[in-house]
Amino acid sequence: MNGNKKMELLGSAPIPKAFLALGIPTMIGMLINALYNLVDTWFAGGLGTDQMGAVTVAFPLGQTVVGLGLLFGNGAAACLSRLLGRGDRATANKVASTAIYGSVAIGAIVILLSVIFLEPILRRTGAIDSVMPYAAAYARIYIVFSIFNVFNVTMNNIVSSEGAAKTAMCALMAGAVLNVVLDPVFIYAFDLGVAGAAIATAVSQMVSTLVYLTYILRKKSVFNFSAKECSFAGEIMSEILKIGIPTLLFQLLTSLSISMINNAAKEYGGSALAAMGPLTKIMSMGSLVVFGFLKGFQPIAGFSYGAKNFGRLREAIKTAVLWSTAFCVAFGLAAALFSTRIMFLFTKDDLEMVRIGSAALRANGFSFILFGFYTVYSFLFLVMGKAAAGCFLGACRQGICFVPVILILPTVWELNGVLYAQPVADVISAIVTAFMAIRLHSELRAAETSISIPTQEH
């Protein structure tokens, strides 16, 4: 897709067509990419409950590192779509280059610190004594090579902001499909156990990086990625960080919520801890599909807002809420209705794990129906540059609402309090979102009126 076609897609193509062109490829790519961790968990489950627990407790640490890619990538993407809407290519090149170099540099530092303090970190994410040897073996490899994933996540956001959704899909799919193929080879054929799962993921992420590098080197992007364009000046960094920091906060809260669930669950035994692994990965798979689809919404909304095309922005919001909610209903009901069968895919012998996991999956499946509505407005506030509101809303579901619930509910409802903590937080967050959405639409109507009145008088 050349630059003119990309701009046409963002600025003038019918909203359903633009969503299909931009959102569906990224959605498919992220759905398949979600198999990274789900497949690792599935194959690790064949090794035993402790091995599955190892992958479970390493997951929050990996999510934290990936958050650095989102800090720069999503922060840049929200800004880039507005810059393209205003036609400011020079500043856009600086933002894109700064995001790439900045994410890799900061990522390397955080990964080094994570490896140095690996075992204490794994204890904090829920590792018990029987799980720790496997968790350390898996996480040591997984975290070191996640530097490639930091780059991949940053590039995924940048190429999505310019409308190159098919490139993002190809990069994600190439890595994810390879991971599915390599997991059984390294885990079982080479007899490497959980370390083999980490190696398979590392190789797969490197392949995704090659796809993005090819895209850059062949000059397919509308942006010029150059060290000379990289600038850590206050003006550039403030544009990236005012959206990137709320996104990073959201990712850190996601890691925190998973760690808190793991720590609460381990009080009820290894089976309860292991059950949180499939639960987290399955619900993350649904979440990533919504995020992937909304990567198509994000540049359209940002471009329309930057161009002050409020009619197109309203149509984009309405379509995004409708389509994402339709998916969440289908996914959530499937997870709830087939929860026991799904959990049996991850173990044949541990019936206690199946019982706990299926109850949790059922509850989370029903509350997932609200996720699309909540996430559309989380994305919208950030892409419009409303960092404070976006930060607050992004922090609601797995921070402001979740933390008090997970701390209080288990004390009065024991294990059920752990299993129902996220659904309760989901309902509260959806109510908060509704009030914020009403206020936002009122502001948009006022802004549209202030533009149309002078035009009519003229």
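Predicted model, so just to flag it, every value in this text is computed and none were measured.
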Run the side-chain contact (heavy atoms from CB on, under 4.5 Å) test on N152 and Q205 for me, step by step, so that the C-alpha distance in whole Å, both residues' side-chain angles and the decisive distance to 0.1 Å come before the verdict. CA-CA 8 Å; N152 294 342; Q205 290 172 352; 4.1 Å; yes
CD-OG1 distance between Q63 and T280, expressed to the nearest 0.5 angstrom: 9.5 Å
Per the side-chain contact (heavy atoms from CB on, under 4.5 Å) rule, which among N364, L361, T41 passes with I282? L361
Residue of the set F223, Y212, F151 for which side-chain contact (heavy atoms from CB on, under 4.5 Å) holds with I100: F151
Flag side-chain contact, heavy atom, 4.5 Å: V321 against Y377: yes
Applying ring-ring contact (aromatic ring centres under 6.0 Å, His included) between F371 and each of F291, F327, F293, report the one that passes. F291
Separation between OG1 of T154 and OH of Y101, rounded to the nearest 0.5 Å: 13.0 Å
Only residue of S114, S255, S146 satisfying side-chain contact (heavy atoms from CB on, under 4.5 Å) with T64 is S255
Closest approach of P120 to F117 (non-hydrogen atoms, all atoms of both residues): CD-O, 3.2 Å
Please walk me through it: do L419 and N416 pass side-chain contact (heavy atoms from CB on, under 4.5 Å)? CA-CA 5 Å; L419 307 186; N416 282 330; 4.2 Å; yes
Indicate yes or no for a side-chain donor-acceptor contact from N149 to the backbone of F145 under 3.5 Å, with no hydrogens or angles considered. no
Keeping N179 on the side-chain end and G175 on the backbone end, is there a donor-acceptor pair under 3.5 Å? no
Could you check if a side-chain atom of T56 sits within less than 4.5 angstrom of a side-chain atom of N262, using non-hydrogen atoms only? yes
Would one find more than 12 heavy atoms of other residues, nucleotides or ligands at under 6.0 Å from atom CZ of R123? yes
Are any of the side-chain heavy atoms of M343 and P278 separated by less than 4.5 Å? yes
Can you tell me how far apart CE (M169) and CG (L22) are? Round to the nearest 0.5 Å. 12.5 Å
Please confirm whether the ring centroid of F368 lies under 6.0 Å from the ring centroid of F331. yes
Would you check if W323 and P16 make a side-chain contact, meaning some heavy-atom pair closer than 4.5 Å? yes
Which atom names give the shortest non-hydrogen contact between L182 and V203, and what distance separates them? CD1-CG1, 3.7 Å
If you draw a 6.0 Å radius around OH in Y268, do more than 12 non-hydrogen atoms from other residues or ligands fall strictly inside? yes
Donor-acceptor contact present, side-chain T319 to main-chain A316, <3.5 Å: no
Side-chain (S103) to main-chain (G69) donor-acceptor, under 3.5 angstrom: no
From T125 OG1 over to L61 CG, what is the distance, rounded to the nearest 0.5 angstrom? 7.0 Å
Report the distance from atom CD1 of I158 to atom CG of N74, rounding to the nearest 0.5 Å. 10.5 Å
Determine whether the side chains of Q298 and S81 contain a donor N or O and an acceptor N or O closer than 3.5 Å. no
Please check if the side chain of Y374 supplies one atom and the backbone of L393 the other of a donor-acceptor pair under 3.5 Å. yes
In the structure I gave you, are the side-chain heavy atoms of Y188 and L47 within less than 4.5 Å of one another anywhere? yes
Correct closest heavy-atom pair for L68 and G107 would be CD1-CA, 3.6 Å
Run W42 and K281 through side-chain contact (heavy atoms from CB on, under 4.5 Å) and show every step you take. CA-CA 10 Å; W42 187 71; K281 308 301 170 52; over 6 Å; no
Ion pair D350/R355, N-O distance below 4.0 Å: no
A274 and M52 have their tightest heavy-atom pair at O-SD, 3.6 Å
Smallest separation among heavy atoms of V104 and V150, with atom names: N-CG1, 4.5 Å
Can a salt bridge be assigned to the pair E239 and K94 using a cut-off of 4.0 Å between side-chain N and carboxylate O? no
Are any of the side-chain heavy atoms of Y138 and V57 separated by less than 4.5 Å? no
Check whether any side-chain heavy atom of F402 sits under 4.5 Å from a side-chain heavy atom of Q422, and report yes or no. yes
For residues C396 and S429, report the shortest heavy-atom separation together with the two atoms involved. C-OG, 3.6 Å
Under the side-chain contact (heavy atoms from CB on, under 4.5 Å) criterion, do I216 and M155 qualify, and how do the steps go? CA-CA 10 Å; I216 293 173; M155 276 301 299; 3.8 Å; yes
From E352 CD over to T49 OG1, what is the distance, rounded to the nearest 0.5 angstrom? 11.0 Å
Is the number of heavy atoms from other residues, nucleotides or ligands under 6.0 Å of Y134 OH greater than 12? no
C391 side chain reached by I245 side chain, heavy atoms, under 4.5 Å: no
